[in-house]
Amino acid sequence: EALDACAAGGIDLVLLDVCLPDISGYEVCGRLKQNPGTREITIIFVTVKGSPQEVAKGFSLGAADYICKPYNLPMVMVRVDAAMREKRRLDRLRLEHELLLEETYTDHLTGLRNRRYLLERLQEEVEKAHRYNYAVSCVIFDVDDVRPVDDELGPVSMDDLLAEVGMTIRNYSRTYDVL
C-alpha cells in the first residue's frame, strides 16, 4: 500500500522501519529508489536494527538517514527537518541544472535547438539507426542571402527572418520531430 501511495505522487518523505510484516524495509527502499517516479522521495529508516552492517545497507540503498531505536522524538524531528532541507536544496539544484541545459541547447532567437544539440542528437540517432537497422533523415536549412527578400519586402533584419523561419518550421513539424 505504501509503495502504491508513493507511486501516486505527492510524497516527500517516508519514515521506514526495516522490520515490516510482508516485506523488508530495505526492499521497500530499493523499489522506491529504482522507480524514476519515486526515487526522489527522502527515506529515513527508523528501526531497531542498528548494527553497522544494517546502517551501511540502509545508506547504500539511498536512505537519507538511519535512526536506531530507542530514539528521542525531538532529535528525530531535527533529523527529519535536516533531511527535508537537503531535499529542497537538491530540488533547487536539479531545477537550475535543467534550466542551464535548456539554455545550453536552445537558440534564444528562434527558440529552436542549437548546433551543439543537433550534433549530439544526430550522433545518438545515427548510432541507434546502425544498431536497429533503420533509416535516419536530417534536414538542414541554411539562410544566408537575404537580398532577394530585402528587394521584395524592403530591408529585413536577419534576426527577424530567422525568427520567422523558426516559427514556420515549428508550426509545420510533428510533435516528435527534433527541431
side-chain contact (heavy atoms from CB on, under 4.5 Å) involving [X] - partner list, sequence neighbours excluded:
X      : value
Leu93  : Arg89, Leu90, Glu96
Asp177 : Ser173, Arg174, Leu179
Val78  : none
Gln34  : none

Please say yes or no: joined through hydrophobic side-chain contacts below 4.5 Å, possibly via intermediate residues, are [X] and [Y] part of one cluster?
X      : Y      : value
Leu118 : Ile169 : no
Leu162 : Met167 : no
Val76  : Leu13  : yes
Leu15  : Ile67  : yes

More than 12 heavy atoms from other groups under 6.0 Å of NZ on Lys33: yes
Whether over 12 other heavy atoms sit under 6.0 Å from Glu164 CD: no
Worked check of side chain to side chain contact (heavy atoms under 4.5 Å, CB included) between Glu124 and Arg121: CA-CA 5 Å; Glu124 290 171 9; Arg121 275 303 302 273; 3.3 Å; yes
Ring pair (Phe, Tyr, Trp, His ring centres under 6.0 Å) contacts touching residues 95-125 (sequence neighbours left out): Tyr105-Tyr117
Any pair counted as salt bridge (charged side-chain N to carboxylate O under 4.0 Å, His left out), so long as it reaches residues 19-28, sequence neighbours left out: Glu27-Arg31
Salt bridge (charged side-chain N to carboxylate O under 4.0 Å, His left out) contacts in which one or both residues fall within residues 34-43, not counting sequence neighbours: Glu40-Arg94
Ion pair Glu102/Arg113, N-O distance below 4.0 Å: yes
Tyr172: hydrophobic cluster co-members (side-chain, 4.5 Å): none
Fellow cluster residues of Val55, listed by chain then number, with links counted only when side-chain atoms sit under 4.5 Å apart: Leu3, Ile11, Val14, Leu16, Val18, Leu20, Ile23, Tyr26, Val28, Leu32, Ile41, Ile43, Phe45, Phe59, Leu61, Tyr66
Return a table of donor-acceptor pairs under 3.5 angstrom between the side chains of residues 132-140 and protein atoms on other chains or two or more places apart.
none

Partners passing salt bridge (charged side-chain N to carboxylate O under 4.0 Å, His left out) against Lys87 (at least two apart in sequence or in another chain): Asp91
Salt bridge (charged side-chain N to carboxylate O under 4.0 Å, His left out) partners for Arg85, two or more places apart: Asp81
Derivation and outcome, salt bridge (charged side-chain N to carboxylate O under 4.0 Å, His left out), residues Glu54 and Lys57: CA-CA 5 Å; Glu54 299 281 345; Lys57 184 174 184 177; over 6 Å; no
Test item: Asp17 side-chain N/O and Gly25 main-chain N/O as donor-acceptor pair under 3.5 Å: no
